[in-house]
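Remarks on the structure that follows.
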There are 2 protein chains.
Amino acid sequence: MVADLERSILQRLDAVDLRYTTGRRAIVDGLRKANGPVTLPELLQLVPDLAQSSAYRNLALMEEAGVVRRLVHSNDHARYELAEALTEHHHHLICDSCGIVRDVQFDARLERTLDKAFDEAAASEGFTIARHVIDLFGTCADCAG
Amino acid sequence: MVADLERSILQRLDAVDLRYTTGRRAIVDGLRKANGPVTLPELLQLVPDLAQSSAYRNLALMEEAGVVRRLVHSNDHARYELAEALTEHHHHLICDSCGIVRDVQFDARLERTLDKAFDEAAASEGFTIARHVIDLFGTCADCAG
DNA sequence: TTGCTTGCAAATGATTTGCACTGCT
DNA sequence: AGCAGTGCAAATCATTTGCAAGCAA
């Protein structure tokens with residue numbers, strides 16, 4: 001499975017003439033280790049010996065290459081995760097109290113229902129929907145304690 | 001109806017010792033006129049004679065007062081709209097091509113279904129959901145042309 | 001060699017803030 | 001008078017970029 005992931009990433013990078021360097025591998029590994037999207041400072045902790053500018057630059061390049069996704073929830077640090085094409089469609093649970101972000105998946109049946117409903121709602125405004133993003137805000141177990 | 005809105009805003013501002021000044025009224029009117037959340041430059045166009053810093057400052061203050069909501073979809077300008085408590089629960093259609101954002105509402109039945117499904121999904125991660133945000137990305141009628 | 005990469009330091013750009021001034025109350 | 005509100009200009013801070021050096025094909 002991991003080999004598949006690596007191959008897929010290599011393919012995407014190749015397609016835009018980017019090398020899969022040690023630094024980029026380290027970033028990908030860092031993103032894989034985390035169980036949710038991470039901020040840049042968090043990523044730098046997971047991947048020591050990585051220059052901040054290189055992290056930013058490579059995340060941007062890999063975002064364009066379809067390997068990484070960038071999320072912006074607030075005004076401070078953005079968060080990064082592996083692109084859905086490489087993982088699985090999922091959504092986010094965001095704790096209002098501590099700001100942590102965790103992944104959640106819905107079952108396929110629900111996703112189908114959602115897509116259908118969203119398409120219909122969007123049609124009335126003349127939009128064609130390509131994808132949806134759902135953020136669930138609330139309180140995490142730690143903060144509820 | 002508008003009177004209700006004004007009263008409600010006044011109430012919220014009063015609660016945190018803010019005056020409902022001409023400038024703030026102008027901002028609120030600007031937000032009401034728009035049919036979707038607006039960026040700061042857009043707001044300044046809708047409300048001439050408003051200093052940029054005052055716009056930012058008052059939007060921030062009114063956000064804290066629960067009158068305004070700030071949305072961040074990308075790295076550039078954030079977008080502002082009236083808080084849902086003052087309007088109606090809705091979601092956003094976002095055009096990948098031109099970046100425009102339009103409001104959409106789902107019917108109450110769908111919203112109930114969503115809330116229930118989200119609560120269940122979140123429970124498995126120990127989260128308690130307070131609210132959800134749904135962004136539908138795609139192509140608007142103008143860009144599809 | 002050729003060209004992609006990297007780290008450092010400097011630049012950028014949205015947003016914020018200090019301060020002196022204006023205007024309610 | 002007394003204090004909230006405003007505009008201007010300067011400061012912040014995440015992120016981006018220029019550049020010279022490193023490395024792989």
Side-chain angles (χ1 to χ4, degrees), chain A residues 6 9-31 37-65 67-81 99 101, chain B residues 6 9-31 37-65 67-81 99 101:
Chain A
E6 295 287 303
I9 291 174
L10 186 53
Q11 224 166 54
R12 282 158 201 267
L13 291 180
D14 255 348
V16 288
D17 290 308
L18 290 178
R19 296 179 191 158
Y20 198 9
T21 63
T22 311
R24 289 177 189 156
R25 254 174 232 281
I27 290 175
V28 167
D29 288 346
L31 296 180
V38 297
T39 62
L40 195 108
E42 286 165 0
L43 182 62
L44 291 182
Q45 287 213 307
L46 293 173
V47 186
D49 300 325
L50 177 63
Q52 190 191 48
S53 64
S54 297
Y56 273 119
R57 184 152 32 202
N58 285 323
L59 285 167
L61 289 170
M62 292 197 284
E63 186 186 17
E64 275 194 272
V67 173
V68 162
R69 176 150 78 125
R70 170 207 213 124
L71 308 168
V72 201
H73 285 128
S74 68
N75 228 29
D76 41 25
H77 293 276
R79 286 176 180 271
Y80 300 88
E81 64 181 10
V101 180
Chain B
E6 295 288 302
I9 291 174
L10 186 53
Q11 224 166 54
R12 282 158 201 267
L13 291 179
D14 254 349
V16 289
D17 289 308
L18 290 178
R19 295 180 192 157
Y20 197 9
T21 63
T22 311
R24 291 178 187 153
R25 253 173 232 281
I27 291 175
V28 167
D29 287 345
L31 296 180
V38 298
T39 62
L40 195 108
E42 286 166 359
L43 181 62
L44 291 182
Q45 287 212 308
L46 294 173
V47 186
D49 300 325
L50 177 62
Q52 190 190 48
S53 63
S54 297
Y56 274 120
R57 186 155 26 205
N58 285 322
L59 285 167
L61 289 170
M62 291 198 284
E63 186 187 17
E64 275 194 272
V67 173
V68 163
R69 176 150 78 126
R70 171 207 214 125
L71 308 167
V72 200
H73 286 128
S74 68
N75 229 30
D76 40 24
H77 293 276
R79 284 175 181 274
Y80 300 88
E81 64 181 9
V101 180

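In what follows, every chain begins at residue 1, and chains take the letters A, B, ... in the order their sequences are listed.
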Q: Write down the distance between CG (A:Asp14) and C1' (C:dG3), rounded to a whole number of angstrom.
A: 15 Å
Atom pairs, protein N/O to nucleotides 23-25 of chain C N/O, distance under 3.5 Å:
none

Q) Does A:Arg24 make a side-chain N or O approach to OP1 or OP2 of C:dC4 shorter than 4.0 Å? A) no
Q: Could I get the full list of side-chain hydrogen bond (donor to acceptor under 3.5 Å, both in side chains) partners for A:Arg25, not counting sequence neighbours?
A: A:Glu6
Q | Rounded distance in Å - CE (A:Met62) to P (D:dT15) | A | 15 Å
Q: Considering just the side-chain nitrogens and oxygens of A:Asn58, establish if one lies under 4.0 Å of OP1 or OP2 belonging to C:dT5.
A: no
Q | salt bridge (charged side-chain N to carboxylate O under 4.0 Å, His left out) against B:Arg24, all qualifying residues, sequence neighbours excluded | A | none
Q. D:dC8 C1' sits how many Å from B:Asp49 CG, rounded?
A. 15 Å
Q. What is the minimum heavy-atom distance between A:Val16 and A:Ala65, and which atoms define it?
A. CG2-CB, 3.8 Å
Q: Go through the structure and list residues passing salt bridge (charged side-chain N to carboxylate O under 4.0 Å, His left out) with A:Arg12, not counting sequence neighbours.
A: none
Q: Could you list all the salt bridge (Lys or Arg N to Asp or Glu O under 4.0 Å) pairs where at least one residue sits in residues 46-57 of chain A, not counting sequence neighbours?
A: none
Q. For B:Leu50 and D:dC8, what is the distance between atoms CG and P respectively, to the nearest whole Å?
A. 11 Å
Q. Do you know which two heavy atoms are closest between A:Leu31 and A:Tyr80, and how far apart they sit?
A. CD2-O, 3.6 Å
Q: Would you mind reading off the distance between A:Leu13 atom CG and D:dA25 atom C1', rounded to a whole angstrom?
A: 17 Å
Q. Got a sec, which residues hit side-chain hydrogen bond (donor to acceptor under 3.5 Å, both in side chains) with B:His73, two or more places apart in sequence or on another chain?
A. B:Asp135
Q) Counting only side-chain N and O atoms of A:Thr21, is one of them less than 4.0 Å from OP1 or OP2 of C:dT6? A) yes
(Q) So, using salt bridge (charged side-chain N to carboxylate O under 4.0 Å, His left out) as the criterion, who are the partners of A:Glu63 when residues are at least two apart? (A) none
Heteroatom pairs (N/O) under 3.5 angstrom, protein to nucleotides 11-19 of chain C:
{"from": "C:dT15", "atom 1": "OP1", "to": "B:Ala78", "atom 2": "N", "distance (Å)": "2.9"}
{"from": "C:dT15", "atom 1": "OP2", "to": "B:Tyr56", "atom 2": "OH", "distance (Å)": "2.3"}
{"from": "C:dT15", "atom 1": "OP2", "to": "B:His77", "atom 2": "ND1", "distance (Å)": "3.1"}
{"from": "C:dT15", "atom 1": "O5'", "to": "B:Tyr56", "atom 2": "OH", "distance (Å)": "3.4"}
{"from": "C:dG18", "atom 1": "O6", "to": "B:Arg57", "atom 2": "NH1", "distance (Å)": "3.4"}

Q. Residues two or more places apart in sequence or in another chain: which of them pass side-chain hydrogen bond (donor to acceptor under 3.5 Å, both in side chains) with B:Asp76?
A. B:Ser74
**Q.** Protein-nucleotide distance (B:Glu64, atom CD; D:dA4, atom C1'), rounded to Å
**A.** 16 Å
Q: Between B:Asp17 and B:Ala55, just flag the one whose closest nucleotide in DNA chain D comes earlier from the 5' side.
A: B:Asp17
